[in-house]
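Hydrogens, waters and symmetry mates are skipped; everything else that's a heavy atom, side chains included, is used. Counting convention: from 1, in listed order, for ligands and their atoms alike.
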Amino acid sequence: SSSPSSAVLQTLFQYINDHQNEFVQRLGEWVAVKSDSSNQALWGEVRKSLNMTSDRIQAMGGQVEFAEVGTKQLPNGESVALPPVILAQFKRDPSKPTVCFYGHTDVQPAKKEDGWSTDPYTLTEINGNLYGRGATDNKGPVLAWLHAVETYQGTKQEMPVNIKIIVEGMEEVGSDGLAELIRQRNDSFFSDVDYIVISDNVWVSRHPALTYGTRGSSYFFVEVEGPKLDLHSGVFGGSIQEPMTDLIALLGSLLDNTGKILVPGLNDAVAPLTEEEKKLYEDIHFDLDEMKKTAGVKRFLQDNKEGILMARWRYPSLSIHGIEGAFSDPGSKTVIPRRVIGKFSIRQVPNMEPAVVETQVKKHLEEVFAKQKSPNTLKVTTTVGAKPWMANVNDVPYVAGRKAVKAVFGEEPELIREGSTIPIANNFQEVTGKSTMMLPISGHDDGEHSQNEKISRYNFIEGTKLFAAFFHELAQLQKDS
Ligand SMILES: C[C@H](N)C(=O)N[C@@H](Cc1c[nH]cn1)C(=O)O
Ligand SMILES: [Zn+2]
Ligand SMILES: [Zn+2]
């Protein structure tokens with residue numbers, strides 16, 4: 001239509017189209033930084049990615065504070081300073097609503113030899129897709145927010161909202177220190193924030209979506225220690241109880257072949273499924289066969305859309321991730337590892353409590369280990385402990401989000417939940433009491449955490465338009481109220 005509102009949006013969208021190559025090039029510069037937070041040796045790169053974010057914000061006239069969030073104790077007892085968190089803001093107009101967007105510039109590990117078709121740290125465009133570690137999780141979306149602000153400046157349009165920004169570099173390992181920072185700054189940085197918006201998850205189909213729930217997560221380390229050094233299996237095999245045998249028994253006791261978690265009591269807390277909730281799954285677009293193809297699996301544990309979405313969104317799941325200390329190189333070394341650490345995580349849903357889950361898991365593992373009658377020692381520790389998060393889809397930012405999706409994509413968004421975890425989402429809501437929403441721009445097949453992670457040029461550029469339109473729609477809602 002030719003309303004003044006749509007004229008503003010058309011001007012913004014034109015600028016984004018005209019500058020898309022510049023935006024993609026900048027994403028390439030960001031992806032080139034190996035900001036893998038899981039590897040402490042790469043925290044310098046994490047800091048570099050935060051510095052690049054800060055430079056961009058400052059180039060647009062924003063003020064940046066690098067907030068220190070304390071130290072992390074390493075397994076060897078040493079304490080190291082955590083990468084800081086960016087708290088940024090632009091000049092404030094008290095008559096306008098304030099949006100604070102949150103994102104992260106750290107990434108999951110990636111090596112070409114893991115099976116990537118291109119170098120993970122060289123953004124490579126193939127058939128409209130931009131491949132690179134962090135392209136979608138979460139450098140692309142963070143840049144898209146900044147480009148949306150830049151678009152208002154570039155088109156000389158007045159910013160319709162005030163902007164605050166939080167960017168961290170430790171999300172992939174559980175957002176160390178961030179919850180405490182939010183508590184400390186609740187009465188200062190957050191006091192004038194109206195809405196917190198996160199864009200760190202994916203759609204479930206080719207249709208745009210708004211997300212109103214995420215699962216929580218607890219990460220477990222199960223350590224079994226035996227002999228004082230690795231031993232020859234030809235000499236000691238058969239005469240000692242091997243730590244790896246104990247660990248396999250422990251890990252094997254956690255879930256069955258239907259995906260059911262076998263830790264006693266754990267499933268009891270799960271919120272019951274209501275008829276009303278059941279109906280919500282019917283209209284979601286989700287192509288089971290395409291999903292199978294994308295993931296390269298022969299079948300899922302559930303044979304219908306509703307079953308798969310419920311397993312992803314509203315039921316807990318347990319995944320075993322690895323065994324530290326086990327022989328994992330190619331070849332056939334005949335060693336008995338002296339100490340092994342099994343790693344698994346449990347995704348948590350409403351109404352589960354990470355602290356209760358931790359107690360249940362520890363009790364279960366201790367009981368299984370007791371049955372092993374092992375002379376070895378068992379140690380169970382946890383990290384992360386993130387709660388699930390749920391929003392009210394009638395809140396103002398969801399209304400603005402719907403209008404913005406309509407303006408950019410010409411359709412209504414799907415209302416979805418997310419199986420992954422954004423550790424800080426629940427803290428934002430509980431500590432600040434501010435309305436928190438998730439506005440994803442990443443595609444359902446972007447492969448977060450996988451080989452060949454990507455964001456499509458379409459999602460990156462239309463996503464930038466979505467954010468620009470979101471600012472506009474949010475301000476319009478305030479004017480209309
Ligand atoms: C959804 C987000 N992009 C993400 O990948 N989050 C991580 C956070 C996490 C949870 N446990 C440890 N890190 C995830 O869901 O794996
Ligand atoms: Zn992420
Ligand atoms: Zn991630």
Numbered atoms of ligand 1 (with element) below 4.0 Å of D137, judged on heavy atoms: 3 (N), 5 (O)

Proximity winner for atom 1 (C) of ligand 1, if only heavy atoms of I198, D200, N201 are counted: D200

Mode of E172 contact toward ligand 1 - side chain, backbone, both, neither (heavy atoms, under 4.0 Å): both

S420, any N or O under 3.5 Å of ligand 1 N or O: no

Flag, side chain of T124 to backbone of T122, donor-acceptor distance under 3.5 Å: yes

Heavy atoms from other residues, nucleotides or ligands near CG of N127 exceed 12 (cutoff 6.0 Å): no

Nearest neighbour in protein (non-hydrogen) for atom 8 (C) of ligand 1: T421 O, 3.3 Å

Whether D395 side chain and P397 backbone form a donor-acceptor pair below 3.5 Å: no

Check: W203 ring centroid to F409 ring centroid under 6.0 Å: yes

Pairwise side-chain contact, F190 with K164, heavy-atom cut-off 4.5 Å (strictly under): no

Intermediate values then yes/no, side chain to side chain donor-acceptor pair (under 3.5 Å), S38 and E172: CA-CA 7 Å; S38 72; E172 296 292 5; over 6 Å; no

Partners meeting side-chain contact (heavy atoms from CB on, under 4.5 Å) with S319 (sequence neighbours left out): H321

Identity and separation of the nearest protein heavy atom to atom 16 (O) of ligand 1: R347 NH2, 2.9 Å

Sub-2.8 Å protein N, O or S atoms surrounding the Zn ion (ligand 3): D137 OD2, E172 OE1, E172 OE2, H449 NE2

Atoms in ligand 1 flagged as close to S217, the criterion being non-hydrogen separation under 4.0 Å: 10 (C), 11 (N)

Option from V368, L262, V263 for which side-chain contact (heavy atoms from CB on, under 4.5 Å) with L254 holds: V263

R215 touching ligand 1 at heavy-atom level, < 4.0 angstrom: no

Ligand 1 contact on M438 by region, counting heavy-atom pairs under 4.0 Å: neither

Trace of the ring pair (Phe, Tyr, Trp, His ring centres under 6.0 Å) decision for Y212 with W313: CA-CA 11 Å; Y212 64 93; W313 295 351; 7.3 Å; no

Under 3.5 Å: donor-acceptor pair, side chain of R133, backbone of S450: yes

Taking atom 5 (O) of ligand 1 as the reference point, the nearest protein heavy atom with its distance: H449 NE2, 2.8 Å

Numbering as shown, the atoms of ligand 1 that approach E448 to under 4.0 Å (heavy-atom distance): 3 (N)

Passing option when Y102 is tested against Y195, F189, F428 for ring pair (Phe, Tyr, Trp, His ring centres under 6.0 Å): F428

Whether W145 and F470 hold their rings parallel, tilted or perpendicular, with breakpoints at 30° and 60°: perpendicular

Contact partition for E418 relative to ligand 1, non-hydrogen atoms under 4.0 Å: neither

